[in-house]
Structures are given as structure tokens and as C-alpha cells.
Number of protein chains: 2
Amino acid sequence: NIFHNVLFFPDQHIACKEHFNSSDGCLRSGCKYAHSETSLTHMLSYLRSARKTLDLCVFVITCHELSDTVIALHERGVTVRVITDDEQVDITGSKIGAFRAAGIQVRQDRSSYLMHHKFALIDEDVLINGSFNWTRQAVTGNNENLLITNSRDIVQPYIEEFERLWEQFDPR
Amino acid sequence: NIFHNVLFFPDQHIACKEHFNSSDGCLRSGCKYAHSETSLTHMLSYLRSARKTLDLCVFVITCHELSDTVIALHERGVTVRVITDDEQVDITGSKIGAFRAAGIQVRQDRSSYLMHHKFALIDEDVLINGSFNWTRQAVTGNNENLLITNSRDIVQPYIEEFERLWEQFDPR
Ligand SMILES: [Zn+2]
Ligand SMILES: [Zn+2]
């Protein structure tokens with residue numbers, strides 16, 4: 001059952017939390033948020049499907065919908081590992097500090113070059129990858145793309161790249 | 001004949017022009033350049049395989065090996081179209097001016113957000129896509145990835161995105 005799914009950004013609207021999360025739905029008249037699926041809600045659904053592992057290799061992460069979902073997976077018992085760029089760790093809005101505070105393992109490069117990947121591996125089975133940085137601007141502003149696939153020919157090299165960088169960036 | 005190929009950067013060395021381009025090969029003793037294929041030489045080979053069209057949707061392009069190859073395709077009669085980000089057009093080293101001077105059609109966004117895609121479509125048949133910006137730093141410095149595929153399920157949405165943006169960024 002090989003699948004490929006391509007998502008494009010920007011989303012025109014952010015998804016309505018009332019509509020998607022409460023049993024009564026959204027009761028606001030003229031609600032400005034999206035009541036149908038967006039690229040971000042699709043992306044979040046893939047992330048929430050993780051049962052065992054989430055390996056995240058992202059240049060930057062500031063989008064709280066994404067970081068909240070990653071932390072929720074960790075709290076649910078999913079083994080989360082994060083690789084990121086050292087120069088992005090301390091920028092305004094970075095969620096790397098929140099990851100570490102939550103007990104998530106984080107490793108970072110120590111070079112002046114960029115750890116510029118922006119991919120996620122769900123249960124070593126599904127890859128999310130593209131131009132998309134994990135920021136709010138990428139969701140609602142930029143032209144961005146994400147490919148989601150479980151094709152083994154595509155997923156396997158990214159697993160190997162993740163393991164290679166995880167060892168390379170071991171601080172010990 | 002569906003294929004997927006994944007390339008990772010950085011390359012440890014830039015390919016040796018003497019070795020790859022001259023019939024006698026490289027005669028320099030202790031040559032510092034690569035005498036075997038690199039991720040960049042693989043990428044260039046895919047680009048050079050274009051026979052009819054090259055649609056390029058790239059945030060930034062400064063790498064002269066890549067821009068020289070694009071211009072050579074245009075001069076060989078391949079129909080080249082380029083979409084780029086307006087804020088990157090005038091940066092130091094940008095090859096967009098060279099593209100326009102060569103007669104290549106270029107369109108750019110006019111927003112304060114980023115046209116952050118970095119993909120190429122070869123003959124509307126093969127997609128090159130990933131984190132990789134078309135810069136020398138991405139080749140020899142950063143951790144970057146590129147997926148090359150001709151899977152129709154993946155390629156088709158990118159064709160549609162290119163056509164959508166090409167119309168959206170029509171300056172007339
Ligand atoms: Zn609502
Ligand atoms: Zn040489």
C-alpha cells in the first residue's frame with residue numbers, strides 16, 4: 001500500500017480550534033478560521049499517527065501547533081528525537097528549549113554551515129519532506145511544498161541520513 | 001519504469017572539471033577535486049537530460065555550475081521557465097540577471113512572503129525537490145537533501161503548482 005501525498009502552502013486560513021477540537025463545533029458567527037481541512041491540519045494528522053517513533057530533522061521550528069503536537073507525542077510515549085541547526089536554537093520563538101524542557105532528546109550541528117534538512121520520519125515508515133520550514137510564516141505566508149510518502153525507496157535513505165547525523169552530532 | 005533517487009549534501013569535494021570534461025582526463029598530481037561522481041554531478045546529469053522543457057521554481061540561485069547548465073539547456077533549444085523570489089533576485093551572486101540576459105523567461109513573486117520552493121521539472125516527467133537551495137553553500141557546506149523521481153503521483157501536483165504560480169506571477 002504505497003501512498004504519496006503532496007501538500008502546498010500557504011494555507012489561506014488557520015484551522016478553527018473550536019470547530020476541530022470541541023464536540024459542539026464552532027458556534028461563533030462569522031468565524032475567521034478555517035472549518036475545512038488545511039495543509040497544516042493534514043500535516044498534523046500525519047504527525048499524530050505516530051505510534052512508536054518520531055525522528056525530526058529540522059533547520060528551525062517555531063510553529064506552536066507543530067511543536068505542541070510533537071510534545072504531545074512524546075508525552076504519549078512516542079520516542080521523539082530531534083536534530084536541528086545550532087544557529088536556530090536560540091532565535092525568538094524557537095521551540096527547541098520547550099522540547100528539551102519536556103525531556104525530548106535534541107542534537108544540533110556545531111558548524112558554521114546549516115543543518116538545512118526539514119524532514120520528519122514517522123515510525124520509520126512515513127517521510128514528510130520538502131521546502132517547508134516548521135514556522136508559522138511557512139504555514140500562512142510562503143509558497144512551500146511537502147511530500148508525504150511511505151515508498152521504501154524514498155524513506156530508507158532518509159532513515160540512514162537521520163542515523164548518520166544523530167551519531168555525528170552526539171555531543172559526547 | 002518508476003525510479004526514485006535521493007541525494008544528500010554536502011559534497012566533500014567539487015568535481016574536477018579536467019577529469020570530467022576533457023578527453024585526456026585530469027593530469028594534475030595531487031588534484032584536490034573529486035574524480036568520482038558527487039551529488040552535484042548527479043544533479044547536473046539529471047538537468048542535462050532535459051530534451052523539451054525545464055521548469056525551475058527556486059527561492060535562490062547563485063551556484064554557477066547549476067546556472068551555467070540551465071543557460072546551456074536554453075541555448076540548446078530547451079524551453080526554460082524560471083520562477084524565483086523577488087527578494088533574492090538582486091542579492092550578490094544571483095544568476096537571475098544572467099538568465100534574463102540570456103533570454104530565459106523569469107517570473108517572481110511580489111509579496112513580502114517567500115517563494116520558498118526549490119524544485120525543478122524536467123520534460124514534465126522528472127521532479128527534483130528537497131531542502132536544497134541552488135547555492136554553492138548548499139553544495140559544499142550544508143546538510144541538504146534532494147529527491148529525484150518520475151512517479152506520476154508525485155510529479156503531477158508539482159506541475160500544477162508551477163503552472164498556478166506562473167500565471168499568478170504574470171507581470172502583465
Ligand atoms: Zn470557527
Ligand atoms: Zn583532477
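Everything numeric here is computed off the predicted structure, so don't read it as measured data. Quick note: numbers below take in every heavy atom, side chains included, and nothing from hydrogens, waters or symmetry partners.
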Part of [X] lying under 4.5 Å from any heavy atom of chain A:
X: B:S151; result: side chain
X: B:L146; result: backbone
X: B:F59; result: neither
X: B:H117; result: both
X: B:R152; result: neither

Shared ILVMFWY cluster between [X] and [Y], side chains joined below 4.5 angstrom?
X: B:Y158; Y: B:I122; answer: no
X: A:F3; Y: B:L127; answer: no
X: A:W134; Y: A:M115; answer: no
X: B:V58; Y: B:L54; answer: yes
X: A:I83; Y: A:I96; answer: no

Check whether any side-chain heavy atom of B:H4 lies under 4.5 Å from a side-chain heavy atom of A:V155, and answer yes or no.
no

Closest-packed option against chain B by number of heavy-atom pairs under 4.5 Å, given A:S112, A:G130, A:P10:
A:G130

side-chain contact (heavy atoms from CB on, under 4.5 Å) between B:D153 and A:V6: does it pass, once the steps are laid out?
CA-CA 9 Å; B:D153 291 348; A:V6 179; over 6 Å; no

Just verifying a value: how many Å separate [X] [atom1] and [Y] [atom2], rounded to the nearest 0.5 Å?
X: A:L165; Y: B:F8; atom1: CG; atom2: CZ; answer: 8.5 Å
X: B:N143; Y: A:L114; atom1: CG; atom2: CG; answer: 9.0 Å
X: B:E161; Y: A:L7; atom1: CD; atom2: CG; answer: 11.0 Å
X: B:I154; Y: A:T149; atom1: CD1; atom2: OG1; answer: 5.0 Å

Quick check on the 6.0 Å ring-centre criterion: do A:F9 and B:Y113 meet it?
no

Exercise: do B:N145 and A:N129 side chains pair donor with acceptor under 3.5 Å
yes

Report, as yes or no, whether the 6.0 Å neighbourhood of atom NE2 on A:H19 holds more than 12 heavy atoms from other residues, nucleotides or ligands.
yes

Is it the case that over 12 heavy atoms from other parts of the model lie below 6.0 angstrom from the OH atom of B:Y46?
yes

Of the backbone (N, CA, C, O) and the side chain (C-beta and beyond), which part of A:H116 lies under 4.5 Å from a heavy atom of chain B, both, or neither?
both

